[in-house]
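Not measured: the values here are computed from a predicted model.
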Amino acid sequence: MRRTYGIAGVLISAVLALSACGGGGSGNAGNPLDSTSAAPSGSASGGSSGGGTAVIGSFDFDESVLLASIYAQALESKGVQVEEKSRIGSREAVYDQVKSGGLTIVPEYNGNLLAFVDLKNTAATTDEVNAALKEKLPAELEVLDSSPAEDKDSLSVTKDTQTKQSLTSMEDLAKVSKTMTVGGPPEFKKRWEARFKEVYGIEFKEWKPTGPTTADALKDGSIQVGNVFTTDPKMTANNLVPLQDTKNVFPAQNVTPLLYKSGANDTIRTTLNSVSAKLTTESLLQMMQKISVNKDEPATVAKEWLTTNGLA
């Protein structure tokens with residue numbers, strides 16, 4: 001699993017730092033920060049445009065590049081001079097650069113960020129996670145408003161299974177789970193079996209290590225329930241439905257801007273909060289579908305979304 005950090009025993013993997021969220025191939029050769037934009041980007045109130053300046057970084061996977069492009073183009077439309085540093089790498093590299101001021105902004109996932117700065121924190125809901133972040137982040141950093149958009153673990157089923165079994169939530173699943181086979185990464189059972197039973201009373205007939213083929217295994221019927229991430233393009237392609245996690249077994253993973261505090265001005269904060277207000281899991285999934293399936297460029301998809309939402 002890419003981001004499964006809600007329980008103390010699971011949080012260890014966050015420090016080994018996935019790239020915040022998922023896979024994706026590498027883009028630019030070498031580390032784009034090797035030619036660091038020199039001084040910390042603290043002169044946000046400067047710039048000939050009057051809108052300030054910002055250096056925006058992204059992790060090394062397509063969704064992060066897309067989000068960084070959305071931030072960059074939204075800010076440019078408000079007169080902010082922007083430099084993008086794409087596909088930097090792991091959270092360690094990116095976080096240190098924001099903290100030092102080499103980056104002004106990076107699109108983050110609030111649950112993973114909290115796991116990175118506080119291994120033992122068990123906050124689960126969006127409000128809990130963000131409150132904990134405000135306490136735990138160093139003075140140099142701040143998070144802005146979280147978007148409703150989340151790229152997080154889910155237990156998902158096909159629409160056909162949802163209809164036949166009358167499934168909306170994980171509570172509904174508990175009533176029929178003993179007749180079902182669930183699939184996910186090899187470590188999925190060890191990490192979540194006890195937790196599912198404790199919180200929801202969910203017990204499966206069988207656990208299969210389906211790994212990256214989980215969504216396809218749901219489609220072909222070899223499993224009935226699968227651990228699929230909520231913005232995985234195969235959610236749409238395979239007609240899958242994530243079941244509602246009403247008791248927050250899976251911690252919040254809202255897309256949230258992380259800022260170098262002294263490098264951001266009011267224009268930057270207001271603009272990014274406006275972006276977050278419009279960004280939803282459904283819209284992020286649709287954009288990732290265009291990038292993954294249609295092979296559209298992230299910058300093109302970002303521009304289309306911003307224009308549609310009156311943000312650029």
For residues Val80 and Thr271, determine if any side-chain heavy atom of one lies less than 4.5 Å from a side-chain heavy atom of the other. no
Hey, does Leu218 have a side-chain heavy atom less than 4.5 Å from the side chain of Val228? yes
May I ask you to decide if Gly226's main-chain N or O and Thr214's side chain share a donor-acceptor pair within less than 3.5 Å? no
Heavy-atom side-chain contact between Ile223 and Val182 under 4.5 Å: no
Sequence neighbours excluded, the answer for side chain to side chain contact (heavy atoms under 4.5 Å, CB included) partners of Glu297 is Thr300
Of all heavy-atom pairs linking Ser58 and Ser86, the shortest is OG-CA, 3.3 Å
Checking the side chain of Ser64 only, and the main-chain atoms of Asp60 only, is there a donor and an acceptor separated by less than 3.5 Å? no
Quick check: do Leu258 and Leu113 have side-chain heavy atoms less than 4.5 Å from each other? yes
Going by side chain to side chain contact (heavy atoms under 4.5 Å, CB included), Ser146 matches just one of Leu279, Leu133, Thr256. Which one? Thr256
Has the side chain of Asp172 got a donor or acceptor atom that lies under 3.5 Å from a matching backbone atom of Thr168? yes
Using side-chain heavy atoms (C-beta onward) and a distance below 4.5 Å, is Ile202 in contact with Met170? yes
For Thr270 and Thr267, indicate whether the former's side chain and the latter's backbone hold a donor-acceptor pair under 3.5 Å. no
In terms of heavy-atom contacts, does CG of Asp266 have more than 12 from other residues, nucleotides or ligands at under 6.0 Å? no
List the steps, then state whether side-chain contact (heavy atoms from CB on, under 4.5 Å) holds for Glu193 with Trp207. CA-CA 9 Å; Glu193 183 175 26; Trp207 295 69; 3.7 Å; yes
Salt bridge present between Asp296 and Lys290 (N-O < 4.0 angstrom): no
If we check side chain to side chain contact (heavy atoms under 4.5 Å, CB included) with Leu167, which of these qualifies: Val225, Val241, Val157, Leu155? Val157
Please test Thr246 against Glu171 for side-chain hydrogen bond (donor to acceptor under 3.5 Å, both in side chains), starting from the C-alpha separation and ending with a verdict. CA-CA 8 Å; Thr246 56; Glu171 289 171 305; 3.2 Å; yes
Side chains of Ser222 and Asp220 only: does a donor on one sit below 3.5 Å from an acceptor on the other? yes
Tyr260, Tyr109: one ILVMFWY side-chain cluster at the under-4.5 Å cut-off? yes
For Ile268 versus Ala54, what's the shortest heavy-atom pair and its separation? CD1-CB, 4.1 Å
Do other residues, nucleotides or ligands put more than 12 heavy atoms under 6.0 Å from the NZ atom of Lys261? yes
Any link between Val98 and Val65 through a network of hydrophobic side chains (Ile, Leu, Val, Met, Phe, Trp, Tyr) touching at under 4.5 Å? no
Test Thr231 against Glu63 for side-chain contact (heavy atoms from CB on, under 4.5 Å), laying out the working first. CA-CA 9 Å; Thr231 62; Glu63 185 172 289; 2.7 Å; yes
Is it the case that more than 12 heavy atoms not belonging to Lys278 sit under 6.0 Å from its NZ atom? yes
Which heavy atom of Ser276 sits nearest a heavy atom of Pro148, and at what distance? O-CD, 3.2 Å
Side-chain contact test, heavy atoms from C-beta onward, threshold under 4.5 Å: evaluate it for Thr158 versus Leu240 and give yes or no. yes
One thing to verify: whether Glu187 and Lys190 come together as a salt bridge, which I'm taking to mean a side-chain N less than 4.0 angstrom from a carboxylate O. no
Apply side-chain contact (heavy atoms from CB on, under 4.5 Å) to Arg87 and Asp62, showing your working. CA-CA 8 Å; Arg87 300 187 182 277; Asp62 287 343; 2.4 Å; yes
What are the two closest non-hydrogen atoms of Arg91 and Phe59, and how far apart are they? CA-CE2, 3.5 Å
Pair Val117, Leu137 - check side-chain contact (heavy atoms from CB on, under 4.5 Å), show working. CA-CA 7 Å; Val117 299; Leu137 285 174; 4.2 Å; yes
I need the minimum non-hydrogen distance between Lys303 and Ala312, along with the two atoms involved. NZ-CB, 4.1 Å
Does Tyr95 use its side chain to pair, donor to acceptor, with the backbone of Ser90 at less than 3.5 Å? no
Regarding Asn112 and Gln253, do their side chains bring together a donor and an acceptor under 3.5 Å, going by distance alone? yes
Taking only Lys NZ, Arg NE, NH1 and NH2, and the carboxylate oxygens of Asp or Glu, determine whether Glu203 and Lys197 approach each other closer than 4.0 Å. yes
Beyond-backbone contact of Asp216 with Asn238, side-chain heavy atoms, under 4.5 angstrom: yes
Gln73-Ser69 side chain donor-acceptor pair, cut-off 3.5 Å: yes
Trace of the side-chain hydrogen bond (donor to acceptor under 3.5 Å, both in side chains) decision for Thr213 with Thr210: CA-CA 5 Å; Thr213 67; Thr210 47; 5.0 Å; no
What's the verdict on side-chain hydrogen bond (donor to acceptor under 3.5 Å, both in side chains) for Glu282 and Thr280, showing C-alpha distance, side-chain angles and the deciding distance? CA-CA 5 Å; Glu282 182 180 2; Thr280 64; 5.3 Å; no
Looking at Glu83 and Lys85, is any side-chain nitrogen of the basic one under 4.0 Å from a carboxylate oxygen of the acidic one? yes
Which residues pass the ring pair (Phe, Tyr, Trp, His ring centres under 6.0 Å) test with Phe196, sequence neighbours left out? Phe188, Trp192, Phe250
Residue pair Leu259 / Thr104, side-chain heavy-atom distance below 4.5 Å: no
Do Thr126 and Asn254 have side-chain N/O donor and acceptor atoms under 3.5 Å apart? yes
Exercise: identify the closest heavy-atom pair between Ala174 and Ser177: O-OG, 3.6 Å
